[in-house]
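Each chain gets a letter, A, B and so on, in the order its sequence line appears, and its residues count up from 1.
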Amino acid sequence: MLSALARPAGAALRRSFSTSAQNNAKVAVLGASGGIGQPLALLLKNSPLVSRLTLYDIAHTPGVAADLSHIETRATVKGYLGPEQLPDCLKGCDVVVIPAGVPRKPGMTRDDLFNTNASIVATLTAACAQHCPEAMICVISNPVNSTIPIATEVFKKHGAYNPNKIFGVTTLDIVRANTFIAELKGLDPARVNVPVIGGHAGKTIIPLISQCTPKVDLPQDQLTAITGRIQEAGTEVVKAKAGAGSATLSMAYAGARFVFSLVDAMNGKEGVVECSFVKSQEADCAYFSTPLLLGKKGIEKNLGIGKISPFEEKMIAEAIPELKASIKKGEEFVKNMK
Amino acid sequence: MLSALARPAGAALRRSFSTSAQNNAKVAVLGASGGIGQPLALLLKNSPLVSRLTLYDIAHTPGVAADLSHIETRATVKGYLGPEQLPDCLKGCDVVVIPAGVPRKPGMTRVDLFNTNASIVATLTAACAQHCPEAMICVFSNPVNSTIPIATEVFKKHGAYDPNKIFGVTTLDIVRANTFIAEIKGLDPARVNVPVIGGHAGKTIIPLISQCTPKVDLPQDQLTAITGRIQEAGTEMVKAKAGAGSATLSMAYAGARFVFSLVDAMNGKERVVECSFVKSQEADCAYFSTPLLLGKKGIEKNLGIGKVSPFEEKMIAEAIPELKASIKKGEEFVKNMK
């Protein structure tokens with residue numbers, strides 16, 4: 001009887017997540033039981049792009065995996081609990097996403113998380129360098145401006161470093177920029193694209209509204225205000241959550257968006273562009289986020305900063321010292337590691 | 001520069017959630033800060049079907065709403081905190097989704113939740129009957145076999161009852177059936193459809209594997225085993241989470257699937273079919289889940305039980321007494337309410 005009728009509309013939910021042919025991405029989420037990890041894992045499990053999802057954390061992963069495994073999509077899901085199980089979580093992975101770590105509380109900067117999160121990222125990326133050295137590594141853990149240099153130095157120590165495969169996920173800044181500009185201009189946010197370059201903390205977040213598509217014109221005072229809002233949006237959510245955490249659901253959305261872009265590009269889709277904080281020669285700084293053309297081997301081509309306004313030029317210049325300091329802090333951390 | 005290149009693949013994430021034209025559903029989530037509510041709200045916010053998302057709970061909703069509001073999709077998001085704000089959350093809603101309540105701990109049945117969840121559902125549905133009497137009401141809160149009769153009696157008390165608009169969401173049973181059958185038969189779960197009828201607890205969950213599309217043949221022992229697994233899957237989850245809760249992510253998926261089906265049907269999409277626990281004349285029982293053709297006014301047509309096997313016939317007969325008892329318990333609860 002049912003076969004005579006159209007499948008439930010909701011069936012589209014199961015199949016419409018990708019614009020390219022279904023493929024076989026093996027994705028690991030490290031920190032899968034956390035506030036970002038769980039909804040991120042849900043979005044990944046929902047996608048026909050993913051054939052295998054492995055979830056790692058120091059608690060709760062068997063339950064999270066059991067939960068997700070009931071969803072009617074193709075990805076197999078398995079939970080791994082504790083450091084002894086981490087290697088098996090990683091072997092054979094194409095993409096590793098790392099949201100692990102502690103979130104900010106009101107009054108904290110992302111840098112305040114450094115002490116805890118630096119060790120976490122160092123440990124997890126060491127395991128990646130050993131057990132899935134060819135995988136794309138997508139780090140969400142803050143402070144990204146330091147954890148990407150940490151991941152890099154760790155991979156170098158293991159002789160597995162590939163600068164085209166280590167990504168600091170800054171996509172939420174782009175997502176926020178799109179949303180805020182759309183709100184201000186009465187546009188559909190799904191059709192707004194604002195590149196955001198630089199880094200992933202406060203004034204190192206540099207939205208290039210002059211490069212927005214569609215083109216938008218804003219008087220300087222609005223430009224300043226919205227730029228400030230984009231830069232402080234993370235803090236805005238930490239305050240709104242009043243101690244209950246930082247952005248989780250929107251970060252899951254943004255993380256999934258980045259992973260799907262990467263996987264599509266790895267599958268051969270052309271013209272896939274995302275901004276990400278990576279090893280770079282685009283600015284006076286060893287790591288810098290700019291739009292990147294993604295491809296089978298990760299970064300296909302760095303599209304660079306492009307044409308910008310004097311206001312944006314100034315923001316870049318002012319961001320460089322903070323970026324250099326954060327990068328150095330990350331590099332020093334690994335140097336001093338036993 | 002970016003405009004010369006294809007938009008990020010991830011942009012498809014923002015636009016591909018619906019098979020029908022974008023429309024303007026105003027959806028409320030009551031219990032939005034909870035384990036189901038948050039990921040459910042994320043999936044709803046991601047959909048171009050939703051124009052307004054209002055989130056209610058007794059804690060944390062401002063933070064959850066702020067988080068979701070950054071996502072680059074069209075739905076506005078607002079958080080409402082505490083009973084005084086509930087009316088404003090509800091006014092103008094097309095669909096109200098109710099995941100509010102406490103989840104099971106190991107060793108508990110869904111009926112054990114009755115005492116707490118019955119009051120919650122009665123209070124929330126009373127507010128719906130007063131402030132959005134025309135809305136579709138989708139109840140997740142367990143035990144569904146009792147909370148749907150509760151919702152019904154509450155709506156009757158307010159003179160707002162429409163049997164075509166109150167739905168007990170059982171979609172997770174269908175989703176699990178699809179997944180488990182696909183697993184055992186090596187099929188893509190996205191292409192399997194098993195109707196599940198009856199109720200939403202243990203042996204009242206009746207999968208109609210004889211009606212599965214594509215047609216599957218299973219020896220009786222496998223049929224019995226997989227039927228048992230579908231019936232006990234919720235309990236399997238509670239055990240796997242070892243005290244940390246019950247199914248949340250898969251429930252968010254299933255709930256979103258049901259809401260999208262409903263909204264698509266309300267928008268005029270034809271032949272949208274979902275199973276749901278509703279007021280019914282299809283069995284010897286006042287409420288029963290069967291496949292329903294959905295439409296602009298909710299239930300367009302109850303498609304009934306259809307042709308079932310002797311094994312399934314027996315399950316229906318055995319489920320009726322438990323269903324009747326649960327229904328009666330819900331009705332008595334409202335009768336005894338002040």
Fill in the blank from the handout: Between the OG1 atom in B:T171 and the CD atom in A:E72, the distance rounded to the nearest 0.5 Å is 9.0 Å

Completion exercise
Separation between CG (A:L172) and CD1 (B:I71), nearest 0.5 Å, reads 8.5 Å

Practice task
Heavy atoms only, distances under 4.5 angstrom: which of B:L249, B:T179, B:L42 has the most pairs with chain A? Name it, please.
Solution key: B:L249

Practice task
Just give me the residue among B:E236, B:M251, B:K307, B:K45 that pairs up with chain A most often, heavy atom to heavy atom, under 4.5 Å.
Solution key: B:E236

Handout entry: Proximity breakdown for A:E183 and chain B, heavy-atom pairs closer than 4.5 Å
Key = neither

Problem - Close side-chain approach of B:Y253 and A:H70, heavy atoms under 4.5 Å - result: no

Problem - A:D67 side chain to B:S250 backbone, donor-acceptor under 3.5 Å - result: yes

Completion exercise
Of A:P62, A:A41, A:S69, A:A233, the largest count of non-hydrogen pairs under 4.5 angstrom with chain B goes to A:A233

Does a sphere of radius 6.0 Å around [atom1] in [X] hold more than 12 heavy atoms from other residues, nucleotides or ligands, not counting ones at 6.0 Å or beyond?
X	atom1	result
A:I58	CD1	no
B:K185	NZ	yes
B:K239	NZ	no

Exercise for the section: Start with the C-alpha gap between A:L43 and B:L43, add the side-chain angles, then the distance that decides, and say whether side-chain contact (heavy atoms from CB on, under 4.5 Å) holds. Expected result: CA-CA 8 Å; A:L43 294 179; B:L43 294 179; 3.7 Å; yes

Exercise for the section: Can you tell which part of B:A242 gets under 4.5 Å to a heavy atom of chain A, answering side chain, backbone, both or neither? Expected result: neither

Problem - Side chain / backbone / both / neither for B:A247 at chain A, heavy atoms under 4.5 Å - result: both

